Amino acid sequence: MAQIVLNDVTKRFGNLMAVDGLDLEVRDGEFLVLVGPSGCGKSTSLRMIAGLETVTSGDITIGDTRVNGLEPRERNIAMVFQNYALYPHMTVEENMGFGLQLSTDMPDAEIKERVEEAAEMMGITDLLDDKPKQLSGGQQQRVALGRAIVREPEAFLFDEPLSNLDAKLRTHMRTEISRIQNELEVTSIYVTHDQAEAMTMGDRIVVLNDGELQQVGPPNEVYSKPVNRFVAGFIGSPSMNFLDVEVRDVDGRPHLVSVEGADVFSYPVSAFGESLRLEAGRELELGVRPEDIRRVTDQQAGDRVQQAPVAVVEPMGSDNFLYMDVGGTEWTARVNSAFEPEEGTQFEFTFDPDVVHLFDETGETIKYQREVKVA
Ligand code: ATP
């Protein structure tokens, strides 16, 4: 086991800056997830740590060793890809033991013992004599994971390992991988474009965009305190609702008003308390998560009540998603499944000031939602 440190790591492909000055400390035994949209540089970052890609500038250390110049096999890491890369002519047992046979002079009996232990951990003991083509996708991925475990590496590097599996199996394998990583306490870096995977698996998650680090933190912190508009929109499903607003006087008091007009959206600035000072004319972007939108059933919310036409109602079983048009922007509200308004009718809603996120002209956060308390 080892900590992995990236110090100002950059990767260029010709004129393209794939990874731009990445600083990262992966703690010993930690499960760190790199997440971001396609092309943000997450695979390139992982491949540089693995030694499959050279570093344009900067340093990578694994444990106490600077590994920039080391070959992949000299780095003592195990990589798990989305295509399982199993040898078709070998049995599961041979596939799992092959790496050790090739790179060490470990006696066969010891290799066999390690393979059997890993197979038990992955629940594939019955498959040891099978060839890969006899296995389902999920089973092949288990073999690939087992093969990584057998090596007893200093770190696991996962590159979208579950994207070939169907949704149900993927959810199951997420739990399996988390369980095994917890048990083995091997430092792990996991790359995914799926924010749900990042939220459920990571001790900490690292959000990348356009080759640049956006935020690093525990999932709940990144969710409740996104540092900018990009992270706020990327983490969370359905995505956060956004609206362009401006500070304007309505009835003599400052409000956050939709740039489309006060009849579209207007929320009193005084609701946010003394600490938030917003000068008149300031342009901001407001963000509210779908689960923080409340249906108004009485007049208590007063001047915080908004109205928007419901475009679509999507029943999700436990909840309904209402899609509505707020000043030309599509908003989603997550409401109780007992509430199913007619499409086209006006939906009266509100939200508490402490759930509101506000972003400045550059997209930086100036107000977070309240801290989410973890039970
Ligand atoms: P995806 O999830 O689609 O794989 P990613 O976040 O993992 O995306 P990378 O694969 O790291 O992104 O790619 C980052 C950028 O570098 C992209 O613009 C990609 O086109 C470019 N890139 C990656 N590998 C190479 C290469 N070998 N040669 C040239 N450009 C590359």
Side-chain angles (χ1 to χ4, degrees), residues 4-26 31-60 62 67-72 75 77-85 137 141 144-145 148 155-167 169-171 173-174 177 187-202 204-217 219 222 226-237 239 363:
I4 299 174
V5 179
L6 276 68
N7 190 359
D8 201 11
V9 170
T10 291
K11 178 67 186 181
R12 279 177 194 279
F13 293 107
N15 286 333
L16 183 103
M17 183 70 97
V19 177
D20 190 359
L22 184 59
D23 288 312
L24 208 56
E25 264 189 56
V26 194
F31 197 117
L32 190 90
V33 179
L34 297 186
V35 67
S38 183
C40 71
K42 46 195 191 301
S43 291
T44 303
S45 303
L46 197 76
R47 290 170 59 80
M48 287 191 286
I49 298 167
L52 300 172
E53 205 74 76
T54 58
V55 169
T56 306
S57 65
D59 286 321
I60 300 179
I62 301 179
V67 297
N68 288 42
L70 297 187
E71 291 294 317
R75 298 189 183 199
I77 41 100
M79 200 146 170
V80 183
F81 301 95
Q82 70 176 265
N83 59 344
Y84 325 111
Q141 191 52 282
L145 282 165
F156 289 130
L157 305 181
F158 299 96
D159 194 356
E160 306 244 10
L162 306 182
S163 28
N164 285 345
L165 306 180
D166 67 54
L169 193 53
R170 205 158 60 215
T171 314
M173 287 302 287
R174 273 183 207 162
I177 292 178
T187 311
S188 299
I189 308 180
Y190 188 105
V191 161
T192 179
H193 64 274
D194 180 347
Q195 60 85 34
E197 211 156 274
M199 289 293 288
T200 51
M201 296 182 81
R204 288 189 304 157
I205 64 183
V206 177
V207 184
L208 296 174
N209 188 31
D210 269 346
E212 287 182 17
L213 181 95
Q214 305 291 308
Q215 188 165 4
V216 188
V222 176
V227 297
N228 59 31
R229 162 74 168 79
F230 174 81
V231 176
F234 188 76
I235 300 290
S237 177
S239 179

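What you are looking at is a predicted structure, and each value in this text was computed from that prediction instead of being measured. One-based numbering, in listed order, for ligands and for the atoms of each.
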For this session: Work out which heavy atom in Gln214 is nearest to a heavy atom in Leu208; give both atom names and the distance.
Result: CG-C, 4.1 Å
Seminar exercise, completed: Between Gln141 and Phe81, the two heavy atoms sitting closest are NE2-O, 3.3 Å
Problem set entry | Side-chain donor/acceptor of Arg12 to backbone N/O of Thr56, under 3.5 Å | no
Exercise. Residues two or more places apart in sequence or in another chain: which of them pass side chain to side chain contact (heavy atoms under 4.5 Å, CB included) with Asp8?
Worked result: Asp23
For this session: Show your working on side chain to side chain donor-acceptor pair (under 3.5 Å) between Thr54 and Lys11 and close with a plain yes or no.
Result: CA-CA 8 Å; Thr54 58; Lys11 178 67 186 181; 3.1 Å; yes
Table of N or O contacts for ligand 1, cutoff 3.5 Å:
from: ligand 1; atom 1: 2 (O); to: Lys42; atom 2: NZ; distance (Å): 2.9
from: ligand 1; atom 1: 3 (O); to: Ser38; atom 2: OG; distance (Å): 2.6
from: ligand 1; atom 1: 6 (O); to: Gly39; atom 2: N; distance (Å): 3.4
from: ligand 1; atom 1: 6 (O); to: Cys40; atom 2: N; distance (Å): 3.0
from: ligand 1; atom 1: 6 (O); to: Gly41; atom 2: N; distance (Å): 3.0
from: ligand 1; atom 1: 6 (O); to: Lys42; atom 2: N; distance (Å): 3.1
from: ligand 1; atom 1: 6 (O); to: Lys42; atom 2: NZ; distance (Å): 2.9
from: ligand 1; atom 1: 7 (O); to: Ser43; atom 2: N; distance (Å): 2.9
from: ligand 1; atom 1: 7 (O); to: Ser43; atom 2: OG; distance (Å): 2.8
from: ligand 1; atom 1: 8 (O); to: Gly39; atom 2: N; distance (Å): 2.7
from: ligand 1; atom 1: 11 (O); to: Thr44; atom 2: N; distance (Å): 2.9
from: ligand 1; atom 1: 11 (O); to: Thr44; atom 2: OG1; distance (Å): 2.5
from: ligand 1; atom 1: 12 (O); to: Gly41; atom 2: N; distance (Å): 3.3

Exercise. Any side-chain heavy-atom pair from Val26 and Ile189 closer than 4.5 angstrom?
Worked result: yes
